Amino acid sequence: MKPVFDPVTLAIPFFILAIILEIVLTRLKVARAHYETRDTMASLAMGLGSNVAGLLTAGVVVAATLWSYQHRLFDIPMTAIWAWVAIFLIEDMIYYWFHRLSHERRFWWAAHVNHHSSQHYNLSTALRQTWTGGIAGTWVLWLPLAFLGFPPAMIAIQKGISLVYQFWIHTEVVGRTPRWFEAVFNTPSHHRVHHARNPRYLDRNYAGILIIWDKLFGTFQPELDEEACRYGIVKNLSGFNVLRVAFHEWIAMAQDVVRHPRHALGYVFGPPGWSHDGSRDTSMTLRAQWRASQSAKHPDAGVAGDPST
Amino acid sequence: MPEGFAVQFAASFAAVAVLVGLAAWARIAKPMTPLDDARVLKLLAEEFPGRPIERVWVAVDGRGALAKSGAAALVLCEVGDGYVARHIPWAQAIASSFRDGVVKLDLSDVAAPNARIALQSWPPPSTPPHNRQAA
Ligand SMILES: [Zn+2]
Ligand SMILES: [Zn+2]
């Protein structure tokens with residue numbers, strides 16, 4: 001649903017300009033970023049395709065949102081400041097749980113994995129968006145906002161603001177922002193951790209705009225100077241084909257269900273990496289292995305910065 | 001497709017082409033140097049923490065490597081300016097086809113279907129043929 005004021009459409013020229021700046025400043029050695037041509041092409045093609053794919057399910061999403069709004073509990077005025085403060089906080093918390101679900105359960109991970117499948121972390125990675133999010137149905141999580149009584153246009157605007165905010169944090173050019181900002185907001189540093197595949201960093205920092213949700217719900221992990229982020233997914237892709245980027249996890253999931261129909265529920269709704277015989281690794285087992293290898297190296301030391309120790 | 005969207009899509013398509021061209025022009029991918037034993041061991045330690053490595057075969061072009069770790073073969077392959085890693089059964093690795101100086105490994109993974117590693121010979125001479133199936 002596109003409101004009259006659509007933050008994402010308005011921000012597109014800014015997105016393009018920012019990517020140009022990141023590339024050119026790096027070329028001039030003023031900034032530090034890495035761009036691999038085929039990787040950039042895949043990321044941008046995913047962004048473009050995501051817009052088209054969104055159209056396929058837009059009708060259902062709009063209809064469901066309008067239906068929820070027709071059955072709303074309250075009349076929330078779009079002109080009230082308190083209403084914008086409320087939707088900012090509630091929408092951002094919904095985003096946190098959407099994002100956490102998208103990492104912790106394979107069905108939704110299959111739709112989200114593409115955002116993480118680049119081994120790069122630059123502004124083009126931000127545009128590596130899902131093609132299958134509509135089908136995965138996570139938009140349902142936003143319906144309670146309409147049911148509460150927030151006008152659909154207001155919801156669409158707030159979702160757009162969140163998406164636009166999350167663009168600029170996909171960069172290595174910005175190190176750390178002022179401490180007060182890092183404490184409250186999602187920043188390049190926090191989101192670098194989210195895109196890292198180091199066991200210590202896996203499945204951390206799900207925040208959209210505010211990092212407070214991760215701190216509240218126990219998934220916060222600061223970026224540590226001694227451990228540089230290695231980007232990508234646990235099992236990286238061996239190429240740049242966008243169809244593979246968009247669909248590989250869906251195909252792998254279907255293959256697992258066909259091979260092991262008795263364990264279908266686990267393969268679809270278990271954590272990514274779950275297997276009926278324990279032969280594969282999940283984020284949890286990888287973290288445990290890493291922690292064991294760390295304590296074997298340093299038997300007396302705790303693992304600094306690991307929230308689960 | 002509404003006309004406004006078609007125009008927006010065409011403009012976005014053009015912008016993508018410009019950005020990809022710019023990225024190619026800038027040559028700012030991660031610098032890649034041919035792999036050597038030390039670097040392979042470092043990368044494998046990151047990919048498979050705590051896993052003991054018995055022996056490593058680095059590709060002659062430095063763009064991949066194979067390692068033996070117990071009953072598993074650890075596979076490392078260059079992709080763009082990065083690497084992908086997988087493990088497969090060692091028996092499968094030594095039974096893989098070796099033609100024109102390249103061993104082709106079936107990784108049985110839709111995300112990384114196979115790997116090609118240029119080696120001088122394969123399987124390693126230290127693996128007697130009668131042991132191949134038993135490994
Ligand atoms: Zn994510
Ligand atoms: Zn991201």
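For clarity, every value in this text was computed on a predicted model and none was experimentally measured. Here is the naming used below: chain letters follow the sequence lines, and residue numbers restart at 1 for every chain.
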Show me the donor-acceptor pairs, under 3.5 Å and distance only, between side chains in residues 19-33 of chain A and residues at least two apart or in other chains.
from: A/E22; atom 1: OE1; to: A/Y35; atom 2: OH; distance (Å): 2.5
from: A/E22; atom 1: OE1; to: A/L123; atom 2: N; distance (Å): 2.9
from: A/E22; atom 1: OE2; to: A/T171; atom 2: OG1; distance (Å): 2.6
from: A/T26; atom 1: OG1; to: A/E22; atom 2: O; distance (Å): 2.6
from: A/T26; atom 1: OG1; to: A/A33; atom 2: N; distance (Å): 3.4
from: A/R27; atom 1: NH1; to: B/W25; atom 2: O; distance (Å): 3.2
from: A/R27; atom 1: NH1; to: B/A26; atom 2: O; distance (Å): 3.3

Listed pairs under 3.5 Å, donor-acceptor, residues 91-98 of chain B side chains, sequence neighbours left out:
from: B/Q92; atom 1: NE2; to: B/D106; atom 2: O; distance (Å): 2.7
from: B/S96; atom 1: OG; to: B/Q92; atom 2: O; distance (Å): 2.8
from: B/S96; atom 1: OG; to: B/A93; atom 2: O; distance (Å): 3.2

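Interface residue A/F240: only side-chain heavy atoms are found under 4.5 Å from chain B. Of the two parts of B/A85, neither the backbone nor the side chain holds a non-hydrogen atom closer than 4.5 Å to a non-hydrogen atom of chain A. Of the two parts of B/Y83, only the backbone, made up of N, CA, C and O, holds a non-hydrogen atom closer than 4.5 Å to a non-hydrogen atom of chain A. A/L127 does not touch chain B: none of its heavy atoms, backbone or side chain, sits under 4.5 Å away.
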Could you please spell out the steps behind the side chain to side chain contact (heavy atoms under 4.5 Å, CB included) verdict for A/H112 and A/W108? CA-CA 6 Å; A/H112 181 62; A/W108 293 288; over 6 Å; no

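Aromatic rings of A/Y231 and A/H195 (six-membered ring for Trp) have centroids beyond the 6.0 Å cut-off, not under it. For A/W250 and A/F107, the ring centers sit closer than 6.0 Å to each other. You'll find the ring centres of A/H115 and A/H170 inside the 6.0 Å limit.
Comparing A/R197, A/Q255, A/K235, A/H248 by how many heavy-atom pairs each has under 4.5 Å with chain B, the most go to A/K235.
Residues of residues 107-115 of chain B having a heavy atom under 4.5 Å from any heavy atom of chain A, listed by number: B/D109, B/V110, B/A111, B/A112, B/P113. For residues 38-50 of chain B, the interface with chain A (any heavy-atom pair closer than 4.5 Å) comprises B/E46, B/E47, B/P49, B/G50, sorted by residue number.
Here the rule is side chain to side chain contact (heavy atoms under 4.5 Å, CB included) with B/L66, and of B/V103, B/V58, B/L74 only B/V103 fits it.
Using a 4.5 Å cut-off on side-chain heavy atoms (C-beta onward), B/V16 and B/F13 make no contact. Counting only heavy atoms from C-beta outward, the side chains of B/K104 and B/R99 never approach each other to under 4.5 Å.
The structure places CZ of A/R204 at 7.0 Å from CD of A/Q221, a figure rounded to the nearest 0.5 Å.
Contact check on A/D256 versus A/R280 returns a salt bridge, with a Lys/Arg side-chain nitrogen under 4.0 Å from an Asp/Glu carboxylate oxygen. With salt bridges taken as basic N to acidic carboxylate O contacts below 4.0 Å, none links A/D281 and A/R287.
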